[in-house]
Protein chains: 4
Amino acid sequence: MAPKDWRAPGPDPLPPVLRAALEVFARHGYHGASIRTIADAAGLSVPGLYHHYPSKQAILRAVAEATMTEMLEHTTAAADDAGSDPAARFDNIVECLARFHMARRDHAFVASTEMRSMEPEVRARHVAQRDTQQKMLEDAIEAGVESGVFECAHTADAARAVASLCVSIASWYRTDGPLSPDEIVQRHLGFARGMVGAARA
Amino acid sequence: MAPKDWRAPGPDPLPPVLRAALEVFARHGYHGASIRTIADAAGLSVPGLYHHYPSKQAILRAVAEATMTEMLEHTTAAADDAGSDPAARFDNIVECLARFHMARRDHAFVASTEMRSMEPEVRARHVAQRDTQQKMLEDAIEAGVESGVFECAHTADAARAVASLCVSIASWYRTDGPLSPDEIVQRHLGFARGMVGAARA
Amino acid sequence: MAPKDWRAPGPDPLPPVLRAALEVFARHGYHGASIRTIADAAGLSVPGLYHHYPSKQAILRAVAEATMTEMLEHTTAAADDAGSDPAARFDNIVECLARFHMARRDHAFVASTEMRSMEPEVRARHVAQRDTQQKMLEDAIEAGVESGVFECAHTADAARAVASLCVSIASWYRTDGPLSPDEIVQRHLGFARGMVGAARA
Amino acid sequence: MAPKDWRAPGPDPLPPVLRAALEVFARHGYHGASIRTIADAAGLSVPGLYHHYPSKQAILRAVAEATMTEMLEHTTAAADDAGSDPAARFDNIVECLARFHMARRDHAFVASTEMRSMEPEVRARHVAQRDTQQKMLEDAIEAGVESGVFECAHTADAARAVASLCVSIASWYRTDGPLSPDEIVQRHLGFARGMVGAARA
DNA sequence: GATGAATGAGGCTTCATTCAT
DNA sequence: GATGAATGAAGCCTCATTCAT
């Protein structure tokens, strides 16, 4: 699809209404966000908002699905991009996750934080996509262990831990923070490699 | 205070009303939890609940403060317990955080998740305690780097990353899961050591 | 106008939009019927519906007036058709009312049920037409009493009772019910004659 | 239960809130009655109303069930009161229905008019009670036909017609109308007897 | 006539909270 | 501490209606 741009996520593809809702969700949480607040943030009246989305839950669903789909596309592209070298695959996935959680900070934050507010069907799809991603990480780690570049006894736990680490970036990253995205990526690559016992440089 | 029991957190010191509220907060979030739901979970009438706490926010505050206080006590005890060896300090703090986020799963989850629902003053205290904890981690890492047992260029980032990893345990740990707390502690100790470039065994 | 066809009411003269609205009104009531539901039933967009009728109330008015006008035309034709014999006049009016409430079931049901939802002016016209009809019945009954074929002390009450009986047919009649219209007419003619003390055969 | 008072229904047993709601339902219909209007009529705030009944539908249900239960009790008492004479049974049931539809005018009007607004389960119970009543009428008519005091070929249709006639009283009766309840009863008894071909005096 | 977008008002219901008993 | 009753404010959502295209 878009195999090369996972390092530079490009402009947010979300329609303006969802982008406004996202901001409100990120600040107040799903239940703390009133439909009126969302409408105001979107520059719409309340019925105007309902013209675009049939319910508050539908807004959350749209946000979550768009986010997970884009994230999975990026992760897949990043992995494909790495060819068959396990260490490169691992690095690419970690870098991709880190970058995504900075470029789509609110999206990723809401998607991971509001899982409990999603209707079962939406949550199920969400969990499935998250698991797919984690499995990609795990496969890379396993391959690395087999080929001797990683030293890691519990690959599934490691994959979850690495993914958690990347997700947690979204909860503190600020565009105007002291570190550039590239610096953050580098440091987290270091942490992640350490977690899987990568051979030291 | 209680310098030896940080490995076995003991029974939840929370009064029953708060424990009930905590469960509801964990499942539905602060804004998704109604006073009536909390009262029901506590086996109280609504005015009965108000007899104990003057507002919903006061309940959240009580939960959050009790949690943070206990966590900081434990962490301090764990660090003190380790004496002056940097690697042991680091290990103890990580183990303590991991154990706390399993033994007080809901407490820690709510405390970290509902920061945005706290009144500023409560949140400020919360952040301060969290930072204190992270600083203890960072100090241990720095000492380890200086003494040559760790290899880590960005100690503050590492401290945050390690703390995040421990916090994230609360979002997936189940008492009846496949791994025992001891196993989980061991594995996360491994990940954490890797993140700070601990000398390999 | 159409003096002979009152026994076989012919196809519904209502334009399709009103016919759709009628169905919705019959099922949900005026206040329970939304403009959108009506538009959907009519296969129109909402503004498309407003292109035909300026308001929901105008739709009700159009339905009610068309119904009452047609019903009064039929009743008049039926009465005229009977010539001067009181018993035949009575029979014809009853038969006409019964047939109309079967052939125009929804129309008659809505017209009688939603009187309270009509604007005063529409309701006034509606009541006047209903009273005219009832007066025709009453006149026939009175003439029958005078000529000795009926035995009825309270002609106005009898007229109202007979009319009510015919109206009530609309609330249970189904095209696919066990009785044919002809059978229903015969039976209700029997009831109506009994109510006015018609001489037994 | 109360075998003697079916002729003098006594004071309305409905709690004040339901009585207020009933009045509003009678005037505007279920869908035309807003919860605010009902609360105002009951002298309550809106949440105050919800303290007593959990939903608008629950109010309708309570009204309908109370009405049907009382009506069926009365009808049963009236029938029992008549002993085994078919004509007396028939008369008593008709008189009882007529009196009930005057004494509980709004109740009966709403119960019969708002069937379409009832949830399926409530409606089912309602229809069952109505049918039970109609069956009592039909049984009396059949017994009368067999004993030769009535002359009626279609007893089920006759029962429905007689019941409809009594129900229709509720749609025009006014306490301050020109006729007394006793007069109305007498006249409708006459109509009803005529419908079943009762032997003339 | 259709479409898409919009809106003030109001729909039903629940919120956190209070108070008399 | 419990109960029953109450309430202003606000929750999500839908109403009838309009208008530019």
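Proteins get letters first, then strands, A, B, ... in listed order; numbering begins at 1 in each.
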DNA chain E: stems of at least 3 consecutive Watson-Crick or G-U pairs whose donor-acceptor distances fall under 3.5 Å: E:2-21 with F:2-21
Atom-to-atom span, CD1 of C:Ile35 to P of F:dT17 - whole angstrom: 6 Å
Distance-minimising heavy-atom pair for A:Ser117 and A:Gln57: O-NE2, 3.1 Å
Side chain proximity check, D:Pro13 to D:Arg104, heavy atoms < 4.5 angstrom: yes
Gap between atom CG of C:Leu22 and atom CD of C:Glu114 - 0.5 Å precision: 10.5 Å
Side-chain heavy-atom pair A:Tyr53, A:Leu18 within 4.5 angstrom cut-off: yes
Value in whole Å for how far the P atom of E:dG11 lies from NZ of D:Lys56: 9 Å
Integer-rounded Å distance: F:dA16 P and C:Leu60 CG: 13 Å
Salt-bridge present (C:Arg19, C:Glu23; N to O < 4.0 Å): no
Protein-to-nucleotide contact annotation, 5' to 3' order, nucleotides 4-10 of chain F [B base; S sugar-phosphate only; - none; under 4.0 Å, heavy atom]: BBSBBB-
From CD1 (A:Ile38) to CG (A:Leu44), nearest 0.5 Å: 11.0 Å
Distance in Å, D:Thr67 OG1 paired with D:Leu72 CG, rounded so as to fall on 0.5 Å steps: 12.5 Å
Nearest-angstrom distance from the residue atom NE2 of A:His31 to P of F:dC12: 10 Å
Whole-Å gap separating C1' (E:dT14) and NE2 (B:His28): 15 Å
Nucleotide F:dT14, atom C1' - distance to OH of A:Tyr50 in whole Å: 9 Å
Residues C:Arg125, C:Glu121: salt bridge by 4.0 Å N-O rule: yes
Sugar-phosphate only, base, or nothing, as touched by B:Ala39 at under 4.0 Å among non-hydrogen atoms: nothing
Rounded interatomic separation in angstrom, taking CD from D:Gln57 and C1' from E:dT13: 15 Å
Rounded distance (Å) that lies between atom P of F:dT14 and atom CG of C:Asp40: 14 Å
Sugar-phosphate only, base, or nothing, as touched by D:Ala58 at under 4.0 Å among non-hydrogen atoms: nothing
Interatomic spacing from NE2 in A:His101 to OG in A:Ser171 - rounded to 0.5 Å: 9.5 Å
